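Notes for the one structure printed next.
Numbering of ligands and ligand atoms starts at 1, following listing order. FYI, the numbering just counts along the sequence from 1. Worth saying up front: this structure is predicted, and the values here are computed from it rather than measured.
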Amino acid sequence: MRLKALHHVRFQVCDLDEQERFGTDFGLVTAERTPDRLVMRTRGGDQCAYVAIKGDSDKFIGLGFEVDDAASLDEAVTDLGASAVEDLDLPGGGKSVSLIDPDGNTVMLVHGVMRGDAGDAYPELLLNTPFEKRRFGRNQYGRERGPARLWRIGHIGLFVKSFHASTEWYARNLGLVGSDIYHIPGQPQAQIVGFFRMDRGEEYVDHHVVAFMQDERGGCHHISFEAQDFEAQQRTHRYLGSKAYESIWGVGRHPHGSHVFDVWRAPDGARFETFSDTDLFRKDHGTNIHDISQVVMDEWSDDEPTRYFA
Ligand SMILES: [Fe+2]
């Protein structure tokens with residue numbers, strides 16, 4: 001089977017009102033709201049990217065990937081032991097099956113979802129540099145300082161109880177391929193963190209669709225949505241700060257994957273990230289292995305990302 005994209009993430013949340021307020025300020029758009037469920041989308045044409053079910057505690061439930069064809073759903077039932085194919089009860093419809101990963105997270109495979117219309121992008125930045133002038137006789141077109149315009153859900157970070165067991169499961173069942181993997185200093189076999197991408201053969205995909213971090217807590221580490229560019233991220237960073245939300249880390253740039261990141265705390269405690277300008281790789285790019293002590297995590301600062309891992 002071939003994964004097409006991350007489709008949605010699913011959480012249980014105590015206070016849907018607070019979560020919807022944050023999601024809206026962060027840049028998501030409410031697609032459905034009932035007393036028991038909040039569904040939010042991006043402006044990129046998806047009808048669903050974030051799902052919160054009302055419950056008596058805040059916790060991660062699972063994630064869903066869109067797959068290339070309906071046959072992949074049947075294949076998952078017969079070959080991987082997935083649940084029977086059923087209608088997907090989310091905006092956009094489609095069919096789905098469910099698997100359970102080694103940590104008990106629900107992993108849905110989805111096909112046949114309807115997409116909506118994409119929203120308007122900001123005019124592209126025309127940057128004047130010392131070497132090239134591209135903008136004449138006008139200023140940068142104005143943009144609001146407010147919620148980001150987000151275009152898709154791009155990746156998820158998972159705390160996993162066993163890095164080996166989880167990455168082996170996602171590679172074997174869903175075809176994920178390591179892009180950059182990190183081991184304990186001096187112990188190349190002791191891998192503990194890794195960024196994994198989809199296998200779409202010759203097609204270029206994001207540097208990672210899932211990041212795995214070995215941590216006994218399990219659950220979700222962060223979810224990440226693509227912003228248009230770092231100008232949009234900076235403006236949203238200031239806006240979220242003005243609303244007194246908790247900034248966790250950023251704005252910065254990761255060395256591996258290259259993406260500009262900005263991470264914030266949602267009311268349920270989950271980390272929400274915007275990213276832009278990520279690297280693209282194909283299947284044949286292979287996997288890079290690193291000693292974790294040698295890796296700079298943010299090229300723009302030496303800020304200790306204590307809240308990022310707390
Ligand atoms: Fe991320």
Side-chain angles (χ1 to χ4, degrees), residues 3 5-11 22-23 26-28 40 42 44 46 49-50 60 62-65 105 148 150-160 163 166-167 170 176-182 192-198 205-215 217-230 232-234 236-237 240 245-266 268-281 288 290 292 295-301 303-310:
L3 301 186
L6 185 58
H7 179 259
H8 73 276
V9 291
R10 190 181 294 253
F11 291 78
F22 171 82
F26 188 74
L28 296 172
M40 305 193 85
T42 72
D46 60 55
Y50 172 83
F60 176 60
L63 62 160
F65 294 100
N105 302 313
L150 302 173
W151 297 98
R152 65 184 170 112
I153 184 164
H155 64 263
I156 182 169
L158 294 176
F159 278 145
V160 290
F163 181 83
S166 287
T167 55
Y170 278 86
L176 294 193
V177 179
S179 294
D180 287 285
I181 294 178
Y182 310 84
I192 51 172
V193 173
F195 295 103
F196 282 66
R197 65 187 182 278
M198 293 181 293
V205 297
D206 287 1
H207 172 264
H208 60 280
V209 69
V210 183
F212 297 94
M213 287 159 253
Q214 183 156 302
D215 191 303
R217 287 171 286 182
C220 180
H221 176 265
H222 74 281
I223 53 177
S224 191
F225 301 88
E226 186 171 29
Q228 183 166 334
D229 51 34
F230 55 78
Q233 290 177 280
Q234 289 284 3
T236 305
H237 182 93
L240 292 171
Y245 294 115
E246 181 190 356
S247 171
I248 290 179
W249 196 26
V251 181
R253 188 188 280 274
H254 289 309
H256 299 148
S258 298
H259 49 291
V260 177
F261 65 88
D262 188 29
V263 189
W264 291 79
R265 180 90 63 191
D268 69 340
R271 300 171 189 83
F272 277 56
E273 178 185 61
T274 61
F275 75 93
S276 67
D277 194 26
T278 192
D279 292 338
L280 301 174
F281 294 110
N288 300 308
H290 312 270
I292 201 164
V295 176
V296 174
M297 293 187 59
D298 177 10
E299 299 204 323
W300 290 355
S301 84
D303 293 349
E304 282 293 325
T306 47
R307 287 193 297 277
Y308 193 59
F309 294 110

Quick one: sort the [X] and [Y] rings into parallel, tilted or perpendicular, breaks at 30° and 60°.
{"X": "H222", "Y": "H155", "answer": "perpendicular"}
{"X": "Y308", "Y": "H221", "answer": "perpendicular"}
{"X": "H259", "Y": "F275", "answer": "perpendicular"}

Taking F261's backbone N and O only, do any of them form a donor-acceptor pair with R253's side chain (distance below 3.5 Å, no angle check)? no
At less than 2.8 Å, would any N/O/S atom of H155, backbone or side chain, sit next to the Fe ion (ligand 1)? yes
Using only N, O or S atoms, tell me which atom of H222 is closest to the Fe ion (ligand 1). NE2
Please name the atom of E273, restricted to N, O or S, that is closest to the Fe ion (ligand 1). OE1
